[in-house]
Amino acid sequence: MTRSPLVGLAGWRLPGDHSAAVGLAHRMGAEGIQLDLGGPGRGPWLDAAGTVDRIRDDCARYGVTPLAVAGNTLNDIGLHAPEGTQEALRTRRVLVRVLDAALALGAPLAFVPSFRRSAIEDLRDLRRTAAVLAWAAREAEARGLLLANENALDPRRARTLVEEVAAPSFRLLLDTYNPRAAGVDVLALIEAAHEWLAPQVHLKDGTDGTVTRELLGDGDGRVWEALAALEARGHLSAALVLENDYRDGDLDRLALDVARVRAHTARTHTRDAGIHTRS
(Lines give C-alpha, C1' and ligand atoms only; values in the text may rest on other atoms or scores of the structure.)
Protein backbone atom coordinates (compact mmCIF):
# COMPACT_ATOMS: atom_id res chain seq x y z
CA MET A 1 0.00 0.00 0.00
CA THR A 2 1.42 3.40 -0.96
CA ARG A 3 1.65 6.20 1.56
CA SER A 4 -0.68 9.15 1.09
CA PRO A 5 1.26 12.23 -0.11
CA LEU A 6 2.01 15.03 2.31
CA VAL A 7 0.03 18.24 1.99
CA GLY A 8 2.51 21.10 1.72
CA LEU A 9 2.59 24.88 1.37
CA ALA A 10 4.81 27.15 -0.70
CA GLY A 11 6.28 29.61 1.77
CA TRP A 12 6.60 32.46 -0.76
CA ARG A 13 2.82 32.44 -1.32
CA LEU A 14 2.02 32.93 2.37
CA PRO A 15 1.71 36.17 4.36
CA GLY A 16 4.95 37.15 6.06
CA ASP A 17 8.34 35.65 5.27
CA HIS A 18 9.88 32.21 5.61
CA SER A 19 10.60 32.78 9.31
CA ALA A 20 6.85 32.51 10.00
CA ALA A 21 6.02 29.94 7.31
CA VAL A 22 6.67 26.80 9.33
CA GLY A 23 4.44 27.82 12.22
CA LEU A 24 1.68 28.86 9.82
CA ALA A 25 1.91 25.55 7.95
CA HIS A 26 1.48 23.76 11.27
CA ARG A 27 -1.55 25.87 12.23
CA MET A 28 -3.18 25.24 8.85
CA GLY A 29 -2.75 21.49 9.17
CA ALA A 30 -0.14 21.18 6.43
CA GLU A 31 2.59 18.59 6.84
CA GLY A 32 5.33 20.05 4.65
CA ILE A 33 6.84 23.33 3.49
CA GLN A 34 8.74 24.54 0.45
CA LEU A 35 10.85 27.65 1.03
CA ASP A 36 12.41 30.21 -1.29
CA LEU A 37 16.05 31.27 -1.16
CA GLY A 38 14.86 34.89 -1.08
CA GLY A 39 16.73 37.92 -2.37
CA PRO A 40 16.05 41.51 -3.43
CA GLY A 41 12.29 42.00 -3.62
CA ARG A 42 11.77 38.40 -2.50
CA GLY A 43 12.27 38.55 1.24
CA PRO A 44 15.27 37.81 3.48
CA TRP A 45 17.89 35.32 2.37
CA LEU A 46 17.17 31.79 3.58
CA ASP A 47 20.88 31.10 3.95
CA ALA A 48 21.61 34.13 6.13
CA ALA A 49 23.60 33.25 9.25
CA GLY A 50 21.55 31.10 11.61
CA THR A 51 18.36 31.14 9.52
CA VAL A 52 18.45 27.59 8.18
CA ASP A 53 19.31 26.21 11.62
CA ARG A 54 16.36 28.05 13.17
CA ILE A 55 13.93 26.91 10.48
CA ARG A 56 15.16 23.32 10.69
CA ASP A 57 14.58 23.42 14.44
CA ASP A 58 11.10 24.89 13.91
CA CYS A 59 10.28 22.09 11.47
CA ALA A 60 11.32 19.49 14.02
CA ARG A 61 9.33 21.17 16.79
CA TYR A 62 6.12 21.47 14.75
CA GLY A 63 6.45 18.19 12.86
CA VAL A 64 6.58 19.95 9.47
CA THR A 65 8.70 18.30 6.78
CA PRO A 66 11.15 20.49 4.81
CA LEU A 67 10.24 19.62 1.23
CA ALA A 68 12.27 21.82 -1.11
CA VAL A 69 14.16 25.06 -1.62
CA ALA A 70 13.33 27.23 -4.63
CA GLY A 71 15.52 29.77 -6.42
CA ASN A 72 12.82 32.18 -7.54
CA THR A 73 15.31 35.04 -7.76
CA LEU A 74 16.57 33.42 -10.96
CA ASN A 75 13.43 34.78 -12.63
CA ASP A 76 14.99 38.20 -12.05
CA ILE A 77 18.47 37.25 -13.31
CA GLY A 78 17.97 34.86 -16.22
CA LEU A 79 18.78 31.15 -15.96
CA HIS A 80 19.94 31.10 -19.57
CA ALA A 81 22.13 34.21 -19.39
CA PRO A 82 24.92 33.94 -21.98
CA GLU A 83 28.00 32.10 -20.81
CA GLY A 84 30.77 34.39 -19.62
CA THR A 85 28.48 37.23 -18.54
CA GLN A 86 28.08 38.59 -15.02
CA GLU A 87 24.48 37.32 -15.05
CA ALA A 88 25.69 33.78 -15.83
CA LEU A 89 28.13 33.96 -12.92
CA ARG A 90 25.36 35.21 -10.62
CA THR A 91 23.15 32.34 -11.80
CA ARG A 92 25.75 29.73 -10.86
CA ARG A 93 26.27 31.31 -7.48
CA VAL A 94 22.52 31.34 -6.81
CA LEU A 95 22.22 27.70 -7.89
CA VAL A 96 24.96 26.67 -5.46
CA ARG A 97 23.24 28.61 -2.67
CA VAL A 98 19.89 26.95 -3.42
CA LEU A 99 21.48 23.50 -3.35
CA ASP A 100 23.45 24.18 -0.18
CA ALA A 101 20.37 25.59 1.56
CA ALA A 102 18.32 22.51 0.63
CA LEU A 103 21.07 20.24 1.95
CA ALA A 104 21.40 22.20 5.20
CA LEU A 105 17.63 22.26 5.68
CA GLY A 106 17.30 18.53 5.08
CA ALA A 107 15.03 18.97 2.04
CA PRO A 108 15.38 16.34 -0.72
CA LEU A 109 14.63 18.68 -3.63
CA ALA A 110 15.93 21.96 -5.02
CA PHE A 111 14.19 23.62 -7.93
CA VAL A 112 14.54 26.62 -10.18
CA PRO A 113 11.91 28.31 -12.34
CA SER A 114 11.97 29.33 -15.99
CA PHE A 115 9.69 32.35 -16.09
CA ARG A 116 10.14 36.08 -16.79
CA ARG A 117 13.86 36.63 -17.53
CA SER A 118 14.41 32.85 -17.40
CA ALA A 119 11.52 32.04 -19.77
CA ILE A 120 12.43 29.61 -22.54
CA GLU A 121 11.30 31.35 -25.72
CA ASP A 122 13.35 29.63 -28.44
CA LEU A 123 15.79 26.80 -29.10
CA ARG A 124 18.79 28.86 -28.05
CA ASP A 125 17.17 29.56 -24.67
CA LEU A 126 16.34 25.88 -24.28
CA ARG A 127 19.86 24.68 -25.05
CA ARG A 128 21.50 27.23 -22.80
CA THR A 129 19.03 26.42 -20.00
CA ALA A 130 19.75 22.72 -20.44
CA ALA A 131 23.51 23.32 -20.24
CA VAL A 132 23.14 25.26 -16.98
CA LEU A 133 20.76 22.68 -15.53
CA ALA A 134 23.05 19.81 -16.51
CA TRP A 135 25.86 21.41 -14.50
CA ALA A 136 23.50 22.11 -11.58
CA ALA A 137 22.13 18.56 -11.69
CA ARG A 138 25.65 17.19 -11.23
CA GLU A 139 26.07 19.51 -8.26
CA ALA A 140 22.74 18.30 -6.87
CA GLU A 141 23.68 14.66 -7.29
CA ALA A 142 26.95 15.26 -5.42
CA ARG A 143 24.83 16.50 -2.49
CA GLY A 144 22.33 13.65 -2.67
CA LEU A 145 19.55 15.92 -3.95
CA LEU A 146 17.15 16.05 -6.86
CA LEU A 147 17.14 19.17 -9.02
CA ALA A 148 13.95 20.21 -10.80
CA ASN A 149 12.97 22.92 -13.24
CA GLU A 150 9.51 24.50 -13.33
CA ASN A 151 8.54 25.86 -16.74
CA ALA A 152 5.65 26.39 -19.17
CA LEU A 153 6.97 24.27 -22.03
CA ASP A 154 4.70 22.20 -24.25
CA PRO A 155 5.08 18.40 -24.09
CA ARG A 156 7.53 18.15 -27.01
CA ARG A 157 9.87 20.85 -25.71
CA ALA A 158 9.62 19.55 -22.14
CA ARG A 159 10.87 16.17 -23.35
CA THR A 160 13.61 17.89 -25.33
CA LEU A 161 14.78 19.75 -22.22
CA VAL A 162 15.02 16.51 -20.24
CA GLU A 163 16.93 14.83 -23.06
CA GLU A 164 19.32 17.79 -23.36
CA VAL A 165 20.01 17.88 -19.60
CA ALA A 166 20.52 14.10 -19.63
CA ALA A 167 21.08 13.76 -15.87
CA PRO A 168 19.56 11.09 -13.60
CA SER A 169 19.09 13.63 -10.79
CA PHE A 170 17.05 16.03 -12.97
CA ARG A 171 13.26 16.33 -12.93
CA LEU A 172 10.47 18.57 -14.21
CA LEU A 173 8.37 20.20 -11.49
CA LEU A 174 4.71 20.04 -12.48
CA ASP A 175 2.38 22.92 -11.67
CA THR A 176 -1.27 22.13 -12.36
CA TYR A 177 -2.02 25.66 -13.65
CA ASN A 178 1.09 27.17 -15.20
CA PRO A 179 0.69 25.04 -18.35
CA ARG A 180 -2.95 26.16 -18.63
CA ALA A 181 -1.89 29.80 -18.30
CA ALA A 182 0.61 29.27 -21.14
CA GLY A 183 -1.93 27.55 -23.39
CA VAL A 184 -0.53 24.06 -22.74
CA ASP A 185 -2.75 21.06 -22.00
CA VAL A 186 -1.58 19.80 -18.61
CA LEU A 187 -3.04 16.34 -19.24
CA ALA A 188 -1.06 16.03 -22.47
CA LEU A 189 2.04 17.21 -20.62
CA ILE A 190 1.56 14.55 -17.95
CA GLU A 191 1.12 11.88 -20.61
CA ALA A 192 4.32 12.91 -22.38
CA ALA A 193 6.57 13.63 -19.41
CA HIS A 194 5.23 11.69 -16.42
CA GLU A 195 8.35 9.55 -16.03
CA TRP A 196 10.51 12.69 -15.48
CA LEU A 197 8.23 14.57 -13.11
CA ALA A 198 9.46 15.48 -9.64
CA PRO A 199 7.75 13.73 -6.71
CA GLN A 200 6.37 17.08 -5.52
CA VAL A 201 3.52 18.78 -7.41
CA HIS A 202 2.33 22.38 -7.24
CA LEU A 203 -1.44 22.78 -6.98
CA LYS A 204 -2.84 26.03 -8.33
CA ASP A 205 -6.10 27.19 -9.90
CA GLY A 206 -7.61 30.21 -11.61
CA THR A 207 -9.82 31.46 -14.41
CA ASP A 208 -8.98 32.11 -18.06
CA GLY A 209 -5.29 31.52 -17.48
CA THR A 210 -5.00 33.87 -14.48
CA VAL A 211 -4.54 32.74 -10.88
CA THR A 212 -7.43 34.17 -8.92
CA ARG A 213 -9.06 33.72 -5.52
CA GLU A 214 -11.23 30.71 -6.30
CA LEU A 215 -10.93 27.79 -3.98
CA LEU A 216 -8.78 25.02 -5.35
CA GLY A 217 -10.87 23.02 -7.82
CA ASP A 218 -13.40 25.80 -8.47
CA GLY A 219 -11.42 27.37 -11.32
CA ASP A 220 -10.73 26.04 -14.81
CA GLY A 221 -7.41 24.38 -13.94
CA ARG A 222 -8.75 20.81 -13.88
CA VAL A 223 -6.73 20.19 -10.71
CA TRP A 224 -8.32 16.91 -9.74
CA GLU A 225 -8.17 15.63 -13.33
CA ALA A 226 -4.45 16.37 -13.37
CA LEU A 227 -3.92 14.46 -10.13
CA ALA A 228 -6.01 11.56 -11.45
CA ALA A 229 -3.86 11.52 -14.60
CA LEU A 230 -0.70 11.38 -12.50
CA GLU A 231 -2.11 8.53 -10.45
CA ALA A 232 -3.17 6.66 -13.60
CA ARG A 233 0.39 6.90 -14.93
CA GLY A 234 1.78 5.49 -11.67
CA HIS A 235 3.37 8.75 -10.55
CA LEU A 236 4.11 8.58 -6.83
CA SER A 237 3.63 12.07 -5.44
CA ALA A 238 5.47 12.50 -2.16
CA ALA A 239 3.90 15.93 -1.62
CA LEU A 240 1.07 18.02 -3.04
CA VAL A 241 2.03 21.65 -2.46
CA LEU A 242 -0.49 24.48 -2.48
CA GLU A 243 0.80 27.42 -4.53
CA ASN A 244 -2.30 29.58 -4.81
CA ASP A 245 -1.65 33.13 -3.59
CA TYR A 246 -2.50 33.56 0.09
CA ARG A 247 -0.36 36.64 0.72
CA ASP A 248 -3.51 38.67 1.34
CA GLY A 249 -3.81 36.89 4.70
CA ASP A 250 -7.08 35.09 3.89
CA LEU A 251 -6.35 32.10 6.10
CA ASP A 252 -9.91 30.79 5.86
CA ARG A 253 -9.39 30.25 2.13
CA LEU A 254 -6.03 28.62 2.81
CA ALA A 255 -7.56 26.29 5.40
CA LEU A 256 -10.34 25.31 2.99
CA ASP A 257 -7.82 24.56 0.24
CA VAL A 258 -5.77 22.41 2.62
CA ALA A 259 -8.96 20.56 3.57
CA ARG A 260 -9.83 19.97 -0.10
CA VAL A 261 -6.42 18.50 -0.85
CA ARG A 262 -6.56 16.35 2.25
CA ALA A 263 -10.02 15.08 1.27
CA HIS A 264 -8.71 14.22 -2.19
CA THR A 265 -5.75 12.28 -0.81
CA ALA A 266 -7.99 10.50 1.69
CA ARG A 267 -10.37 9.39 -1.08
CA THR A 268 -7.51 8.20 -3.25
CA HIS A 269 -5.80 6.39 -0.39
CA THR A 270 -9.06 4.70 0.67
CA ARG A 271 -9.76 3.59 -2.90
CA ASP A 272 -6.23 2.23 -3.34
CA ALA A 273 -6.47 0.44 0.02
CA GLY A 274 -9.71 -1.21 -1.13
CA ILE A 275 -8.09 -2.39 -4.36
CA HIS A 276 -5.12 -3.73 -2.42
CA THR A 277 -7.39 -5.59 0.02
CA ARG A 278 -9.47 -7.18 -2.74
CA SER A 279 -6.40 -8.28 -4.65
Side-chain angles (χ1 to χ4, degrees), residues 6-26 28 30-59 62 64-79 90-119 132-133 136 139-140 143 145-152 171-175 177-178 198-204 211 239-249 254:
L6 302 181
V7 178
L9 303 181
W12 57 94
R13 305 288 273 184
L14 302 176
D17 59 35
H18 49 233
S19 296
V22 177
L24 181 57
H26 172 70
M28 293 294 101
E31 300 148 323
I33 190 78
Q34 291 183 344
L35 294 170
D36 184 36
L37 180 66
R42 295 187 177 275
W45 290 108
L46 179 62
D47 59 354
T51 301
V52 167
D53 291 341
R54 184 175 66 252
I55 291 175
R56 190 177 58 241
D57 290 346
D58 287 345
C59 284
Y62 289 118
V64 174
T65 300
L67 295 172
V69 172
N72 288 317
T73 191
L74 288 169
N75 284 334
D76 310 321
I77 301 171
L79 189 60
R90 287 177 64 198
T91 290
R92 285 209 173 200
R93 288 173 174 168
V94 167
L95 285 165
V96 168
R97 291 175 69 179
V98 169
L99 294 169
D100 285 346
L103 181 62
L105 191 62
L109 177 70
F111 70 90
V112 294
S114 284
F115 304 109
R116 297 182 60 227
R117 293 194 69 180
S118 291
V132 173
L133 291 174
E139 293 291 316
R143 292 166 174 79
L145 303 172
L146 288 178
L147 174 76
N149 175 242
E150 183 179 4
N151 58 61
R171 300 289 187 274
L172 299 171
L173 183 72
L174 179 71
D175 183 295
Y177 203 70
N178 285 342
Q200 300 179 27
V201 178
H202 280 172
L203 305 185
K204 194 183 296 177
V211 176
L240 302 177
V241 181
L242 289 166
E243 209 201 3
N244 272 342
D245 193 347
Y246 308 104
R247 289 173 293 181
D248 60 4
L254 173 56

For the atom pair [atom1] ([X]) and [atom2] ([Y]), what is the distance rounded to the nearest 0.5 Å?
X	Y	atom1	atom2	value
Asn149	Leu172	CG	CG	7.0 Å
Gln34	Asn72	CD	CG	9.5 Å
Leu35	Ser19	CG	OG	9.5 Å
Arg97	Leu95	CZ	CG	11.5 Å
Leu203	Leu174	CG	CG	9.0 Å

Has Asn75 got a side-chain atom pairing as donor or acceptor with Phe115's backbone, closer than 3.5 angstrom?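 Flag set: sc Asn75 to bb Phe115 pair under 3.5 Å.
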Qualifying salt bridge (charged side-chain N to carboxylate O under 4.0 Å, His left out) pairs, either residue in residues 14-24, two or more places apart: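 Found none.
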Taking atom types as modelled and ignoring hydrogens, do the side chains of Glu243 and Trp12 form a donor-acceptor contact shorter than 3.5 angstrom?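 The criterion, which ignores hydrogens and geometry beyond distance, is satisfied for Trp12 and Glu243.
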Restricting to salt bridge (Lys or Arg N to Asp or Glu O under 4.0 Å), what partner residues turn up for [X], sequence neighbours left out?
X	value
Asp53	Arg56
Arg42	Asp76
Glu139	Arg143

Less than 4.5 Å apart, side chain to side chain, heavy atoms only: is that true for [X] and [Y]?
X	Y	answer
Leu37	Leu74	no
Thr51	Trp45	no
Val52	Leu46	yes
Cys59	Ile33	yes
Leu240	Val201	yes

Donor-acceptor pairs under 3.5 Å, side chain of residues 101-112 to any protein atom, not counting sequence neighbours: which ones?
none

For [X] and [Y], work out which heavy atoms get closest and say how close.
X	Y	result
Ala136	Leu99	O-CD1, 3.9 Å
His18	Pro44	CE1-O, 2.8 Å
Arg13	Asn244	CB-O, 3.3 Å
Gly78	Thr91	O-OG1, 3.1 Å
Asp36	Ala70	OD1-O, 2.9 Å
Leu79	Val132	O-CG2, 3.6 Å

Walk me through whether Leu9 and Leu14 qualify under side chain to side chain contact (heavy atoms under 4.5 Å, CB included). CA-CA 8 Å; Leu9 303 181; Leu14 302 176; 4.1 Å; yes
Go through the structure and list residues passing side-chain contact (heavy atoms from CB on, under 4.5 Å) with Ala239, not counting sequence neighbours.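 With neighbours one apart ignored, the set is Leu6, Leu67, Gln200, Val241.
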